[in-house]
Every structure is written in C-alpha cells, then in structure tokens.
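Numbering of residues begins at 1 and proceeds along the displayed sequence.
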Amino acid sequence: MKVVVTDVTFKNYDIERALFEEMGVEFVVADCKTTEDLVKVAKDADALLNAAFQLTKERLALLPNLKVICRYGIGFDTIDVNAATEQGVYVANVQDYCHDEVADHALTLILASARKIIPLHQGLKQNVHSTVFDQAPIRRIRTQTVGLVSFGNIARNLSGKLKAIGYSVIAFDPYCSVEVAEEFGVELVSLEELMKKSDIISVHAPLNNATHHLINEAMLTMAKEEAIIINTGRGPVIDEKALIKALQDKTIAGAALDVFETEPLSKDNPLLEMDNVIVTPHAAFYSDESAAEMKTKAAENIKQVLVGGVPRYLVNTDIL
C-alpha cells in the first residue's frame with residue numbers, strides 16, 4: 001500500500017511518516033505542480049493527503065488504485081468530491097482541530113482593526129509626536145455590532161468571545177436554526193440586514209457554489225461607510241475586486257484578511273499597499289498544537305480506510 005502527500009505545506013511530515021511506517025505502508029511526500037507530477041508519483045497510490053493541489057475529475061481518473069483522499073484542514077474545495085464519489089473514493093477532512101485558533105485570530109483582527117493598532121503603531125514609529133487623534137474616530141466596543149457570515153462551529157466559538165468583551169453579535173446562516181442561535185445569544189438575520197447593521201463583518205462561510213462571491217459589489221454597497229470586513233474563512237467568498245474598489249472609494253473603512261481569492265498573493269495586489277488593510281498569510285488555523293492534531297487526525301482518516309474501515313471525518317457520506 002502507498003500513501004502520497006500531493007503538495008508540501010509543512011516543514012516536516014514526521015507524524016504521518018511514523019504512523020504509516022509502523023503499518024508497513026509506503027509514504028511519499030511530493031510537491032505536485034502539474035498532472036504529470038501527480039501521475040508520476042501517485043499512479044499506484046491507495047491514498048492521498050492533500051493541501052492546495054487541485055484534485056480535479058480528470059486527475060482523479062488517472063489514479064485507478066485510489067481508495068481515499070484526506071484534505072489537511074476543514075475546507076475541501078481542492079477536491080472534486082462528486083468525481084471522487086463516482087470513482088468510489090472516500091473523501092475526508094479534519095473538522096475540529098482549530099476552532100479556537102481561527103476564532104482567536106478573527107478576534108485579534110477585529111480588535112486590531114477597531115482599535116486601529118497598526119496605524120497607531122506605524123504613526124508613532126514614523127513620528128514620535130503622533131497621537132491617537134491622528135487616527136480618530138475610534139469607537140467604544142460596546143457600541144458596535146459584529147455580523148458573522150455563517151454560524152458554524154468557529155463562528156459560534158467566536159461569538160462567545162465577542163459578547164464577553166461587549167460586542168453585540170448577529171449572524172447570517174440559512175442552515176442554522178433559530179434555537180441554536182438563541183442558545184448562543186445571537187440573532188439570525190438576512191445577509192442584507194447583516195450588511196446594513198454591522199460595524200464589523202466577519203466572514204466564516206465555507207466555499208461552495210452557493211457562497212462563491214457571496215460578499216459581492218451589491219452587498220458591499222449596503223455596508224456602512226465605517227464598516228470593516230474580516231475574512232478568516234475562504235478567500236473567494238468575497239469578490240476581491242469589488243472589495244478593493246469599495247476600499248479605494250472609501251465606501252467601507254477597512255479590511256483584515258487572512259485568506260484571498262488567489263494564494264499566495266501577487267506582489268502587485270492593491271491590498272498590500274492600503275493603509276486601512278491588515279493582511280496575514282492564511283495563518284488563522286495555526287498553532288503548534290492544532291497543526292499536530294490536524295496531521296494526526298488526517299493520517300488516522302487514511303489509516304481507517306487502509307485497514308478496511310471508513311474515515312472518521314467522512315465528507316462524501318453518499319458513498320456509503
């Protein structure tokens with residue numbers, strides 16, 4: 001049996017290697033850029049561990065021995081799940097390894113943006129006579145509303161932290177029940193109402209056909225001029241061109257982004273030149289502990305299939 005890592009994301013793969021070597025399974029770390037790269041290393045693979053390399057229907061069809069794919073992380077938009085299901089391949093992810101980390105990162109971006117930490121820092125370094133009034137207005141937290149776009153596990157985790165420090169919290173999520181939202185003390189509203197009411201809009205939606213460019217030009221025109229957009233979910237949920245235009249036209253006040261439409265960012269992306277934008281390099285998921293947990297659980301998903309079982313975190317349940 002053979003397990004292949006399709007593309008390199010981490011500095012080492014010691015956790016996975018130890019598990020598979022103990023099983024007597026061949027373990028190969030590749031860094032595929034093309035279909036030819038994939039076929040060369042994985043044409044006889046039983047399992048793939050996948051990060052950012054796109055596993056399309058055409059590519060999957062070239063891997064006849066494949067039994068299971070596990071994505072490192074929660075999202076699985078790099079995998080054609082329907083094609084995998086048709087081919088009889090299990091698709092798995094790791095659903096519960098970084099809820100605190102992403103919520104904490106989003107909270108950090110929210111507070112840094114609301115308190116204007118970056119411009120205050122830069123202003124003082126550039127001019128010791130810089131004062132807080134150079135960055136006014138800065139509003140009291142307890143007067144502000146945060147709107148959460150999607151109310152899954154991470155957003156629910158974040159909502160408690162936001163409420164603890166005084167924010168009012170509303171959410172849009174057509175798949176969340178009123179009872180669940182009430183349990184967290186959060187009001188469910190339409191996306192349009194959320195855009196109009198929120199001082200801070202924090203995006204947590206997964207990426208799929210329904211959420212691609214969910215936050216588009218029309219939605220951004222509904223936002224307050226003082227609104228700040230936070231995204232620690234998936235980059236393409238926001239129409240980046242529309243966001244850049246809104247920031248340039250000052251129809252919204254700022255943004256703090258951990259994810260982007262295209263990663264890594266190009267050097268000429270206008271977001272990198274804007275003083276009212278904070279950017280981080282898809283870092284929200286990470287802590288030493290969360291990375292180790294993710295790698296362990298991803299490898300365990302693969303192991304369960306190789307010994308004749310079903311992945312713990314099965315995505316394409318229709319395959320059953």
Side-chain angles (χ1 to χ4, degrees), residues 99-123 131-173 176 178 180-205 214-215 218-233 237-238 242-243 246-247 249-259 271 274-280 284:
H99 295 170
D100 266 322
E101 283 79 4
V102 179
D104 290 346
H105 198 89
L107 179 61
T108 302
L109 294 178
I110 288 168
L111 290 174
S113 300
R115 294 296 306 168
K116 299 190 176 178
I117 298 299
I118 302 300
L120 287 169
H121 164 82
Q122 291 173 332
T131 74
V132 68
F133 301 108
D134 296 327
Q135 297 302 330
I138 297 174
R139 291 183 51 213
R140 180 175 288 173
I141 282 173
R142 284 166 180 77
T143 67
Q144 296 184 73
T145 296
V146 178
L148 304 175
V149 180
S150 184
F151 198 59
N153 290 322
I154 291 169
R156 294 172 195 180
N157 184 310
L158 175 60
S159 69
K161 295 168 180 175
L162 291 167
K163 291 170 69 66
I165 59 175
Y167 282 110
S168 297
V169 183
I170 59 178
F172 163 73
D173 191 327
C176 179
V178 172
V180 168
E182 288 178 347
E183 179 184 340
F184 288 86
V186 171
E187 178 189 4
L188 286 178
V189 298
S190 68
L191 182 57
E192 290 80 4
E193 188 176 355
L194 182 144
M195 297 299 293
K196 292 174 183 176
K197 284 186 173 181
S198 299
D199 301 286
I200 296 164
I201 299 156
S202 188
V203 178
H204 300 276
L214 181 68
I215 308 300
M219 287 296 162
L220 289 168
T221 59
M222 299 180 192
K224 299 178 180 182
E225 284 189 9
E226 62 269 28
I228 297 165
I229 306 286
I230 312 291
N231 192 3
T232 54
V237 174
I238 298 178
L243 176 62
L247 290 163
D249 294 345
K250 300 188 185 305
T251 55
I252 62 170
L257 309 168
D258 185 55
V259 289
L271 293 168
M274 296 181 177
D275 293 336
N276 57 343
V277 175
I278 299 172
V279 293
T280 56

> salt bridge (Lys or Arg N to Asp or Glu O under 4.0 Å) with R139: which residues, sequence neighbours excluded?
Replying inline: D199
> With sequence neighbours left out, what residues match K116 under salt bridge (Lys or Arg N to Asp or Glu O under 4.0 Å)?
Replying inline: none
>> Under a 3.5 Å threshold, yes or no: a donor from one side chain and an acceptor from the other, between N231 and D258?
In response: no
> Can you check whether T251 reaches T221 side chain to side chain, under 4.5 Å on heavy atoms?
Replying inline: no
>> Which residues pass the side chain to side chain contact (heavy atoms under 4.5 Å, CB included) test with S113, not counting sequence neighbours?
In response: I228, I230, A256, I278
Which atom pairs, donor and acceptor, lie under 3.5 Å between side-chain atoms of residues 103-112 and protein residues at least two apart or in another chain?
residue: D104; atom: OD1; partner: K161; partner atom: NZ; Å: 2.6
residue: H105; atom: NE2; partner: T280; partner atom: OG1; Å: 3.1
residue: T108; atom: OG1; partner: D104; partner atom: O; Å: 2.8

Listed pairs under 3.5 Å, donor-acceptor, residues 182-194 side chains, sequence neighbours left out:
residue: S190; atom: OG; partner: E193; partner atom: N; Å: 3.1
residue: E193; atom: OE2; partner: K197; partner atom: NZ; Å: 2.6

> Quick one: are L158 and S202 in side-chain contact, heavy atoms under 4.5 Å?
Replying inline: yes
> Which is it for S198 and I170 under the side chain to side chain contact (heavy atoms under 4.5 Å, CB included) test, yes or no, and what are the steps along the way?
Replying inline: CA-CA 8 Å; S198 299; I170 59 178; 3.7 Å; yes
> What are the two closest non-hydrogen atoms of R115 and L120, and how far apart are they?
Replying inline: O-CD1, 3.4 Å
>> I'd like to check the side-chain hydrogen bond (donor to acceptor under 3.5 Å, both in side chains) partners of T232; sequence neighbours left out, ordered by chain and number.
In response: none
> Quick one: does V149's side chain get under 4.5 Å of H204's, heavy atoms only?
Replying inline: no
> Considering all heavy atoms of both residues, which atom of A114 and which atom of I200 are nearest to each other, and what is their separation?
Replying inline: CB-CD1, 4.3 Å
> Which heavy atom in V259 sits nearest to a heavy atom in G233, and how many Å separate them?
Replying inline: CG1-O, 3.7 Å
> With N276, which residues qualify under side-chain hydrogen bond (donor to acceptor under 3.5 Å, both in side chains), at least two apart?
Replying inline: none
> What pairs with R140 under side chain to side chain contact (heavy atoms under 4.5 Å, CB included), at least two apart in sequence or on another chain?
Replying inline: R142, T143
> By ring pair (Phe, Tyr, Trp, His ring centres under 6.0 Å), which residues pair with F172, not counting sequence neighbours?
Replying inline: none
>> For E101, give me all partners under side-chain hydrogen bond (donor to acceptor under 3.5 Å, both in side chains), at least two apart in sequence or on another chain.
In response: S287
> Side-chain contact, heavy-atom cut-off 4.5 Å: S159 with F151?
Replying inline: yes
>> Run I138 and V132 through side chain to side chain contact (heavy atoms under 4.5 Å, CB included) and show every step you take.
In response: CA-CA 9 Å; I138 297 174; V132 68; 3.9 Å; yes
> Quick one: are L243 and I229 in side-chain contact, heavy atoms under 4.5 Å?
Replying inline: yes
> Minimum heavy-atom separation for A223 to I252, with atom names?
Replying inline: CB-CG2, 3.9 Å
